[in-house]
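First comes the structure, then the notes that go with it.
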Protein chains: 2
Amino acid sequence: MISTRGRYALRMMIDLAERQGEGFVALKEIAESQDISKKYLEQIIPLLNRSGLLLTSRGVTGGYRLAKAPEEYTVGEILRSAEGSMAPVSCLEGSTNDCPRCGKCDTLPIWEGLQTVVDQYLDGISLADILRSKTEKG
Amino acid sequence: MISTRGRYALRMMIDLAERQGEGFVALKEIAESQDISKKYLEQIIPLLNRSGLLLTSRGVTGGYRLAKAPEEYTVGEILRSAEGSMAPVSCLEGSTNDCPRCGKCDTLPIWEGLQTVVDQYLDGISLADILRSKTEKG
DNA sequence: TACTGTGTCAATAGGTTTAATAGACAATTC
DNA sequence: GAATTGTCTATTAAACCTATTGACACAGTA
């Protein structure tokens with residue numbers, strides 16, 4: 001289940017992608033246009049920032065903008081940054097599997113396959129794809 | 001993220017599938033062989049039972065067995081029974097979407113696609129498939 | 001320089017969920 | 001009727017989710 005952290009992060013990134021060329025956009029504007037608590041978004045931003053997804057400007061004319069072109073962001077990378085991990089089970093988080101049953105686990109291959117399927121799907125969608133389907137629809 | 005409810009349920013169903021022909025298997029045996037708290041499994045069983053996945057026998061020789069052949073169970077159906085829902089976002093739970101942003105939501109198509117991909121993967125694996133890959137491995 | 005609007009960071013809190021544990025009760029067999 | 005099984009309800013400790021609050025740092029502008 002994807003929490004509001006990931007969903008809000010994605011909506012914010014889409015909003016910023018739509019406003020490319022407007023320079024830095026204040027968080028207040030994003031929060032209002034997306035109808036999300038600004039204070040809560042504040043907590044999500046560091047998660048995106050430390051992955052280098054955003055550019056920041058401080059001061060009265062400050063705000064955020066995308067660090068790359070919309071084509072270069074995948075939904076998967078955004079969600080993984082915000083959620084910390086998209087692993088379907090905890091033993092697939094991190095680089096090593098610490099589960100004591102790991103060697104004889106009958107279900108592990110299922111979770112590994114699920115993770116592959118999910119990652120392939122989410123990494124196959126870019127921010128640009130989302131903008132494209134928006135203009136097609138409306 | 002799949003919780004222990006779903007993971008334990010799946011492991012229990014695999015255990016029962018391996019013991020087909022042994023008649024009714026006591027929960028105590030399953031809990032011990034899978035190293036899962038028997039009392040916790042007790043709570044998961046009603047979730048599987050109300051979906052008709054198990055046959056029950058009470059009394060001193062009682063226990064559980066599969067209601068169908070292993071080929072007829074999919075991993076998806078077991079997980080959905082135990083977890084309640086495999087929807088990636090809450091607005092896709094249930095039959096109607098009550099989200100007020102539903103009509104203009106840019107991200108909804110992404111979650112719908114994710115759900116489709118996940119369901120197709122999980123419903124493509126049967127308990128018999130899991131037993132098969134076990135014997136192949138050793 | 002003082003002011004104002006921005007981002008940054010830490011702490012807190014209410015609610016829900018998770019993962020159990022415990023105990024009373026019901027059914028069945030020997 | 002004693003023992004062993006399943007069934008049901010309640011309780012709990014910990015974690016997590018979803019914010020909210022407030023103090024602080026920074027950068028333009030008057």
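In what follows, chains are A, B, ... by sequence order, proteins preceding strands, each numbered from 1.
- Here the side chain of A:Glu83 pairs a donor or acceptor atom with the backbone of A:Gly6 at under 3.5 angstrom.
- When each of B:Val25, B:Ile30, B:Leu10 is tested with B:Asp15 by the rule side-chain contact (heavy atoms from CB on, under 4.5 Å), just one qualifies, namely B:Ile30.
- Residue A:Leu16 contributes atom CG, which lies 11 Å from atom P of C:dG7 at whole-angstrom precision.
- The nearest whole Å value for the distance from the NZ atom in B:Lys28 to the P atom in D:dG6 is 10 Å.
- The nearest whole Å value for the distance from the NZ atom in A:Lys38 to the C1' atom in C:dT8 is 11 Å.
- With no hydrogens or angles considered, no side-chain donor-acceptor pair links A:Asp119 and A:Thr116 at under 3.5 Å.
- When every heavy atom of B:Ile130 is checked against every heavy atom of B:Val75, the shortest pair comes out as CD1-CG2, 3.9 Å.
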Could you run down the sub-3.5 Å N/O contacts of the protein with nucleotides 24-27 of chain D?
from: D:dA25; atom 1: N3; to: A:Arg58; atom 2: NH2; distance (Å): 3.2
from: D:dC26; atom 1: O4'; to: A:Arg58; atom 2: NH2; distance (Å): 3.3

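- With hydrogens and angles left out, the side-chain atoms of A:Asn49 and A:Ser51 include no donor and acceptor closer than 3.5 Å.
- In terms of heavy-atom proximity, A:Tyr64 sits nearest to A:Leu16 at O-CD2, 3.5 Å.
- In this structure, B:Ser85 and B:Glu93 approach most closely via the heavy-atom pair OG-CG, 3.5 Å.
- Donor-acceptor pairing under 3.5 Å is lacking for the side chains of B:Glu72 and B:Ser126.
- Nucleotide C:dT29 holds its C1' atom 14 Å from the CZ atom of B:Phe24, rounded to whole Å.
- Contacts between residues 85-106 of chain B and DNA chain C, defined by a heavy-atom separation below 4.0 Å, involve no residue at all.
- Between B:Arg50 atom CZ and D:dT7 atom P there is a gap of 14 Å when expressed in whole angstrom units.
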Between N or O atoms, less than 3.5 Å apart, protein on one side and nucleotides 20-24 of chain C on the other: list the pairs.
from: C:dA20; atom 1: OP2; to: B:Tyr8; atom 2: OH; distance (Å): 3.0
from: C:dA20; atom 1: N7; to: B:Gln43; atom 2: OE1; distance (Å): 3.1
from: C:dA20; atom 1: N6; to: B:Gln43; atom 2: NE2; distance (Å): 3.2
from: C:dT21; atom 1: OP2; to: B:Ser37; atom 2: OG; distance (Å): 3.3
from: C:dT21; atom 1: O4; to: B:Gln43; atom 2: NE2; distance (Å): 3.2
from: C:dG23; atom 1: N7; to: B:Lys39; atom 2: NZ; distance (Å): 3.4
from: C:dG23; atom 1: O6; to: B:Lys39; atom 2: NZ; distance (Å): 2.3

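- Between A:Lys68 and A:Gln20, the shortest heavy-atom contact is O-NE2, 3.6 Å.
- Rounded to an integer number of Å, the gap from B:Gln34 CD to C:dA19 C1' is 17 Å.
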- prompt: Run the ring pair (Phe, Tyr, Trp, His ring centres under 6.0 Å) check on B:Tyr40 and B:Tyr8 step by step: do they pass?
  reply: CA-CA 9 Å; B:Tyr40 189 34; B:Tyr8 289 178; 5.7 Å; yes

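- Distance, B:Glu29 CD to D:dT5 P: 8 Å, rounded to whole Å.
- Contacts of B:Tyr64 with the nucleic acid, taken as non-hydrogen atoms under 4.0 Å apart, involve only primed sugar atoms and P, OP1 or OP2.
- For the pair B:Leu27 CG and D:dT5 P, the computed distance is 10 Å after rounding to whole Å.
- The two residues A:Ile2 and A:Arg7 make their nearest non-hydrogen contact at O-NH1, 2.8 Å.
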